[in-house]
Visitor: 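My questions all concern the structure below.
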Amino acid sequence: MAGADRFSFLGREFLTWLWFEAERNGGRIGVGDQSYGIEFAQKLVLESAGTLREGSTVQAEAPSQAEEARTALRVGKKVARARLVLSLGERQFSFNLDAETMAISNAKLPTELGVRDAAGLDERVALLDQLEAAVDGLYVAFVRMRSQEATWGPVRDAMRAWVSTPADA
Amino acid sequence: MGLSSGSVSYLRFVAEPVPEAFEPRFCEALWNHRFQEIDPHGEIEKAHGWVRFDDAFEAEIDPESLVLESGQLLLRLRIDTLKIPAATLKAYVDKAAKDRAKKDGRDLPGKKEREALKLEVAKQLRVRSLPRMQLVEAAWNVHDGEVRLFSTSKGVAGLFVDHFEKTFERKLQFVGLLEVLPLRGMTQQEIDGLALIDAERFHLIAR
């Protein structure tokens, strides 16, 4: 789609918002009648915008709680890639999400069947459908909120206040 | 990394919807664009084409096993590369040059002769080498048009898109930050509204 580069900031803002929302809501985010558990795990990559793309990589059990990650936000970086654990009911998916392409990688699926036959493949496809619907649902909710000043303004101010406070505050 | 292995990595695309009773026609299209082995006596270094999802050495697709109950058409692209690594080739050419000089009782071959020797050695090594095989899986939901390519390599994606479009005579569009919005119900009016927004700066102090 023409102009995709112009909107590449949406992905980084989405992941940064996800971190903010998860933190202020005790790790849960609701969209419509769905509620998701969201955790940032293992690795968090933050990057500045522009051609230089300075990056910070935080590797820790809970990288979003590291002061180093919050410091990166304070110098203007946003989340470029994250390893997320998404809980949907009893099911838990862990995966990497890239802000630029929205590509899901290294996803561990809560499969119950083997993958050697058609039923196992169908199960994996169904789980990917669920994961994708959840990620897309969160992203679309963010974009809708982001595109209207009336809904975005208060969130933006709250995010700025959040960024300016230390991680353990 | 594929659909049938432990962890999953993929890129998303969308294709035009598929008409009813497509299997026989698509089986023929897959056969016409099947994988064909690289001839080690030839000069081609890279080849790609479709193989069976469950057998990398078989190109004939069984219509029964082509589509899952969920409507996913399973595809597998085999990409072979038969290329002698530059350092290996250089080492063998050096050896061949020394052997020839010793045999003929003269100095090492000059630049032009070394180039000819390089071609000769490369041909010999190709016949002795096995191609590097890469298998890439994809699943195409024939109901809603979503195609998942189980690779995040840009090079593989380019090859896949080109081969898919030639095989099925359908355009494949990458699904990224903007393309996903209408697929998940955002209206064109809502999407057009994004033109008014710019990147935010969160590191400013709240007023």
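Every heavy atom of this structure was used, including side-chain atoms; hydrogens, water molecules and symmetry mates were not. Chain letters run A, B, ... following the sequence lines, proteins first, then strands; residues in each count from 1.
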Visitor: Using a cut-off of under 4.5 Å for heavy-atom pairs, which of B:Leu74, B:Val180, B:Leu183, B:Leu194 has the most such pairs with chain A?
Guide: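 Of the options given, most contacts go to B:Leu194.
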Visitor: Using the side-chain hydrogen bond (donor to acceptor under 3.5 Å, both in side chains) criterion, which residues pair with B:Asn32? Sequence neighbours excluded.
Guide: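 For B:Asn32, no residue satisfies side-chain hydrogen bond (donor to acceptor under 3.5 Å, both in side chains) once neighbours in sequence are set aside.
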Visitor: For A:Asn96, which of A:Lys43, A:Arg83, A:Gln42 qualifies under side-chain hydrogen bond (donor to acceptor under 3.5 Å, both in side chains)?
Guide: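 It is A:Arg83; the other options fail the test.
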Visitor: Using a cut-off of under 4.5 Å on heavy-atom pairs, state which of B:Met186, B:Glu190, B:Arg184 scores highest against chain A.
Guide: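 So the answer, after comparing B:Met186, B:Glu190, B:Arg184, is B:Arg184.
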Visitor: What's the shortest heavy-atom distance between B:Ile38 and B:Arg126, and which atoms?
Guide: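 Shortest heavy-atom separation between B:Ile38 and B:Arg126 comes out as CG2-NH2, 3.6 Å.
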Visitor: Can you tell which part of A:Phe20 gets under 4.5 Å to a heavy atom of chain B, answering side chain, backbone, both or neither?
Guide: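 For A:Phe20, there is no contact with chain B at all, as no heavy atom is under 4.5 Å.
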Visitor: Is any residue of residues 73-80 of chain A within less than 4.5 Å of chain B by heavy atoms, and which ones?
Guide: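 Residues in range: A:Leu73, A:Arg74, A:Val75, A:Gly76, A:Lys78.
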Visitor: For a quick check under 3.5 Å, do B:Glu146 and B:Trp140 share a side-chain donor-acceptor pair by atom type?
Guide: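 No, B:Trp140 and B:Glu146 have no side-chain donor paired with an acceptor closer than 3.5 Å.
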Visitor: Suppose the criterion is side chain to side chain donor-acceptor pair (under 3.5 Å): which pairs have a residue in residues 98-107 of chain A, not counting sequence neighbours?
Guide: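 Those involving residues 98-107 of chain A are A:Asp98-A:Thr101, A:Asn106-B:Ser7.
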Visitor: With a 3.5 Å cut-off and no angle check, do the side chains of A:Ser64 and A:Glu23 form a donor-acceptor pair?
Guide: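 Absent: no donor and acceptor within the cut-off.
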Visitor: Given a strict heavy-atom distance threshold of 4.5 Å, which part of A:Thr16 is in contact with chain B: side chain, backbone, both, or neither?
Guide: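 Looking at A:Thr16, just its side chain touches chain B.
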Visitor: Determine the option with the most heavy-atom pairs under 4.5 angstrom with chain B, choosing from A:Arg12, A:Gln148, A:Lys108, A:Glu13.
Guide: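 Heavy-atom pair counts peak at A:Glu13.
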Visitor: Between B:Asp54, B:Leu11, B:Ile197, which has the largest tally of heavy atom pairs under 4.5 Å with chain A?
Guide: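 Heavy-atom pairs under 4.5 Å are most numerous for B:Ile197.
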Visitor: Between B:Lys123 and B:Glu43, does any side-chain N to carboxylate O distance fall below 4.0 Å?
Guide: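 Between B:Glu43 and B:Lys123 there is no salt bridge, as every charged N stays at least 4.0 Å from the carboxylate O atoms.
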Visitor: B:Lys90: what forms a salt bridge (Lys or Arg N to Asp or Glu O under 4.0 Å) with it, not counting sequence neighbours?
Guide: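 With sequence neighbours excluded, B:Lys90 shows a salt bridge (Lys or Arg N to Asp or Glu O under 4.0 Å) to B:Asp94, given in chain and number order.
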